[in-house]
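The structure appears below as structure tokens.
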Amino acid sequence: MSEEIIEDDLPEQLRIRREKRSAILARGDEAYPVAVARTASLKEIRARHLGLAIDVATGIQESLSGRVIFKRDTGKLCFATLREGDGTELQAMFSLDKVGPDLLNQWKSDIDIGDLVSVTGEIITSKRGELSILADSYQLAAKSLRPLPVEHKPLSEETRVRMRYVDLIVRPEARFNARLRPQVMQSLRQSFSSREFIEVETPMLQVMHGGATARPFKTHSNAYDMELFLRIAPELFLKRCVVGGLERVFEINRNFRNEGADSSHSPEFAMIEAYQAYGDWDSIALLTRNLIQEAAFAVYGSHVVTHHDGRELDLGGTWREANLFDLISEGVGEVVSAQTSLDELKRIALKLEMKIDPKWVAGKLAEEIFEQVTEGQLKDPIFVRGYPVDTSPLVRAHRLTPGLVEKWDLYIEGFELATGYSELIDPVIQRDRLVEQAALGAKGDVEAMNLDEDFLRAMEFGVPPMGGMGMGVDRLLMALTGLGIRETILFPLVKPEEQ
RNA sequence: GGGCCCCUAGCUCAGUCGGUAGAGCAACGGACUUUUAAUCCGUGGGUCGUCGGUUCGAGCCCGACGGGGCCCA
């Protein structure tokens, strides 16, 4: 019988809990029952008895369940704190005259911190005024075989990420963050829906990746015996939707990029993309601001968001707009434009002691200079507008300024949160741009885009003028909370532990 | 890719000069009918990330590897 075998090389505390489980089963009780009595949640009980005076017996019987997170055993009156999933806590009391000596002793010896229990009894307040359930009986709902970490010392970063389930039990902020994300998602969908955008789901497994410049993850289909890619962006499929008459579409889903991971990059990340027929970069910028402001309001009830360290960030009102090349010129102290030559830009970059990749074209170098001198200083929300054409193959030319495209990047707290375009809709120009990209790919640029013939065929049927945007959901949560990306994702990728 | 730091009990961490392992909480035994990280008395718990080297002797020094973090690019 496997139940009788208790590995004696286990750490002491794990071994003792397994022995307790065996003892419970051996005397015919259940350690993992199929159901336990539960008449209300702890939250409901707290709400119903708000403001109850000290030392009151209500006469109301309830059965309540929760995880034991503190245990204070005394001789004839024991206290325990129960916690349920959202963090609501309630005290349970076990007195000798109510439960009798056998059950009291059993409570003391069987139940450990971390166990899930159901307690049946009367709702009272203690002599200190603590709302409590005074037990007549209790039942184990699930025996915990592992001790919880200390409540009052912060878990190490690594343990939080590797054992998020424990993190959620012990750390209020983890619970807050876990619930923040669905609130934001709901708000985003509500914002789109109220503007008559419809949500679509486009392929994540793709025959050909596209829509962004990034290295993809590759996989293999046995059924088709062909190489497939995890998508790096949904853009080209959403544009196909617009061709077909889904004039306002959005998708919120995962993208995958086979690149470095750090405090603001995860190999898989949630992304919003939206396309609005008969809109442009201005209409889509307004949409983006509304999405973010409405999400902030949904979470905090205000456009001023409070970060986890107490700092406040005001996302209200309209946001600053500035031209990319004006910001660069300001930053380097001389006039830089889309016409500035690659050699000139190199001279500036060298003055800034930047390392220059010889593969960079002028536009790319200009953007790198911007990142070097300006990006980190853009604390308040700002739309940076007008990007070089040679780094933006899916964007239409700027209607006024040659060499630029109608693309903006939204910066908040110094990092890029979203990007938006007046989309390129001329299929002939689009083909030229993708042919250029394919040539870069042939020369070994692993991030270059492919020549997607089906996408071009779709465009050739006629795409309405449109604006489009993309925004990282994880980054939106970072902007709303000030947290690192691994705190906004419940289960970020971590390398396996050694056995 | 380069540099720096960390890995010790279930958890969070100390560990001096290289001399054979410590604390708090948690656990175990006992006392306690109003506790709030209960308190008091007592006890146990360690492959010091892994492998190798130096040494009479390594948690500590050296090297490699694994895992994690920070900074730079």
Side-chain angles (χ1 to χ4, degrees), chain A residues 8-21 23 53-57 68-83 89-101 103-105 107-115 121-122 124-135 143-163 165-167 169-172 259-265 349-350 352-360 365 368-369 371-372 375-376 484-487 492-499:
Chain A
D8 51 23
D9 58 341
L10 276 180
E12 180 192 39
Q13 297 200 42
L14 273 61
R15 197 192 71 239
I16 288 167
R17 286 178 180 234
R18 274 167 171 74
E19 286 166 0
K20 287 183 181 182
R21 171 188 172 277
I54 290 173
D55 204 11
V56 172
V68 177
I69 53 145
F70 291 121
K71 215 168 163 249
R72 297 175 288 276
D73 290 345
T74 65
K76 301 187 178 69
L77 180 63
C78 301
F79 301 86
T81 305
L82 306 183
R83 178 184 289 160
E89 295 174 5
L90 194 82
Q91 179 167 268
M93 296 167 61
F94 298 80
S95 86
L96 180 65
D97 52 20
K98 283 278 179 188
V99 299
L103 205 57
L104 188 66
N105 283 331
W107 169 264
K108 288 189 203 176
S109 59
D110 283 1
I111 302 301
D112 291 302
I113 290 173
D115 290 353
E122 183 183 0
I124 64 159
T125 49
S126 73
K127 284 180 183 166
R128 295 286 175 86
E130 184 79 34
L131 187 65
S132 308
I133 181 166
L134 178 60
K143 181 71 195 163
S144 170
L145 297 182
R146 289 177 182 270
L148 285 179
V150 192
E151 273 275 325
H152 309 283
K153 292 277 186 182
L155 276 183
S156 67
E157 184 95 17
E158 188 175 358
T159 309
R160 277 195 234 163
V161 168
R162 286 196 190 276
M163 296 198 277
Y165 35 89
V166 174
D167 189 31
I169 292 169
V170 300
R171 192 167 60 101
E259 295 169 347
D262 60 30
S263 59
S264 64
H265 293 82
L350 286 173
L352 293 166
E353 295 176 354
M354 289 170 56
K355 278 193 181 168
I356 301 169
D357 187 329
K359 290 201 295 285
W360 289 346
L365 183 51
E368 292 288 336
I369 291 171
E371 286 180 22
Q372 176 80 13
E375 186 180 83
I485 197 166
R486 284 188 330 288
E487 293 289 306
L493 185 67
V494 278
K495 289 194 188 177
E497 295 159 273
E498 265 188 300
Q499 275 308 310

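Residue numbers begin at 1 in each chain, while the letters A, B, ... track the order of the sequences.
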Worksheet item: Which whole number of Å gives the distance between the P atom of B:C62 and that of B:G44?
Response: 36 Å

Worksheet item: In whole Å, what separates the P atom of B:U55 from that of B:G10?
Response: 34 Å

Worksheet item: Quick one: A:Phe70 CZ to B:U39 C1', roughly how many Å, whole number?
Response: 16 Å

Practice prompt. Stems involving RNA chain B: give each as a range paired with a range, ordered by first number, where a stem means at least three consecutive Watson-Crick or G-U wobble pairs under 3.5 Å.
Written response: B:1-7 with B:66-72, B:10-13 with B:22-25, B:27-31 with B:39-43, B:49-53 with B:61-65

Fill in: Between P of B:A9 and CZ of A:Arg15, the distance in whole Å
17 Å

Worksheet item: From A:Thr74 OG1 over to A:Leu104 CG, what is the distance, rounded to the nearest 0.5 angstrom?
Response: 8.0 Å

Practice prompt. Quote, to the nearest angstrom, the P distance that separates B:C61 from B:G2.
Written response: 24 Å

Fill in: Whole-Å gap separating C1' (B:A37) and CG (A:Leu148)
14 Å

Item to complete: Could you please name the option among B:U12, B:U33, B:A37 that lies closest to any side-chain atom of A:Ser95?
Response: B:U33

Item to complete: Could you pull out all residues at least two apart from A:Glu259 that satisfy side chain to side chain donor-acceptor pair (under 3.5 Å)?
Response: none

Worksheet item: Is a donor on one side and an acceptor on the other found under 3.5 Å between the side chain of A:Thr125 and the backbone of A:Asp55?
Response: yes

Practice prompt. Spell out yes or no: do the side chain of A:Glu158 and the base of B:G68 have one donor N/O and one acceptor N/O closer than 3.5 Å?
Written response: no

Worksheet item: Any side-chain N or O of A:Thr159 under 4.0 Å from OP1/OP2 of B:U12?
Response: yes

Response to the item:
Correct closest heavy-atom pair for A:Ile124 and A:Ala57 would be CG2-CA, 3.9 Å

Worksheet item: Of all the choices, B:A27, B:U34, B:C32, which nucleotide is nearest to the side chain of A:Thr74 once you look at every atom?
Response: B:C32

Discussion item. Counting only side-chain nitrogens and oxygens, does A:Lys355 get under 4.0 Å of the OP1 or OP2 atom of B:G1?
Written reply: no

Item to complete: Compare the minimum distances between each of B:G44, B:A38, B:U12 and the side chain of A:Glu12, then state the nucleotide with the smallest one.
Response: B:G44

Worksheet item: Considering only B:U33, B:U34, B:C11, which nucleotide approaches the side chain of A:Lys76 most closely?
Response: B:U33

Worksheet item: Between B:U34, B:G69, B:A27, which nucleotide has the shortest distance from any of its atoms to the side chain of A:Arg486?
Response: B:G69

Fill in: Toward the 5' end of RNA chain B, by each residue's nearest nucleotide, A:Glu353 or A:Glu130
A:Glu130

Worksheet item: So how far is it from A:Arg72 CZ to A:Leu77 CG, rounded to the nearest 0.5 Å?
Response: 10.5 Å

Worksheet item: If you measure from CD1 on A:Ile16 to CG on A:Leu145, what distance do you get to the nearest 0.5 Å?
Response: 12.5 Å

Worksheet item: Side-chain contact, heavy-atom cut-off 4.5 Å: A:Lys143 with A:Asp112?
Response: yes

Fill in: First of A:Thr81 and A:Asp97 reached from the 5' end of RNA chain B, by closest nucleotide
A:Asp97

Worksheet item: Of the nucleotides B:G10, B:G68, B:A27, which has the atom closest to the A:Pro11 side chain?
Response: B:G10

Worksheet item: Which nucleotide sits closest to the side chain of A:Leu155: B:U33, B:C11, B:A37?
Response: B:C11

Worksheet item: B:U34, B:G10, B:A37: which one has an atom nearest the side-chain heavy atoms of A:Leu14?
Response: B:G10

Discussion item. If I take atom NZ in residue A:Lys127 and atom P in nucleotide B:U36, what distance separates them, rounded to the nearest angstrom?
Written reply: 15 Å

Discussion item. Please confirm whether the shortest side-chain N or O distance from A:Lys495 to OP1 or OP2 of B:G67 is below 4.0 Å.
Written reply: yes

Item to complete: Report, as yes or no, whether the 6.0 Å neighbourhood of atom NZ on A:Lys153 holds more than 12 heavy atoms from other residues, nucleotides or ligands.
Response: no

Worksheet item: Between B:G67, B:U12, B:A38, which nucleotide has the shortest distance from any of its atoms to the side chain of A:Arg72?
Response: B:A38

Discussion item. Taking B:A58 as the reference, what is the distance to B:G53 when you measure between their C1' atoms (whole Å, please)?
Written reply: 11 Å

Discussion item. Nearest to the A:Val150 side chain among B:U34, B:G24, B:G68, which nucleotide is it?
Written reply: B:G24

Practice prompt. Grab the NE2-P distance between A:His152 and B:G24 for me, whole Å please.
Written response: 16 Å

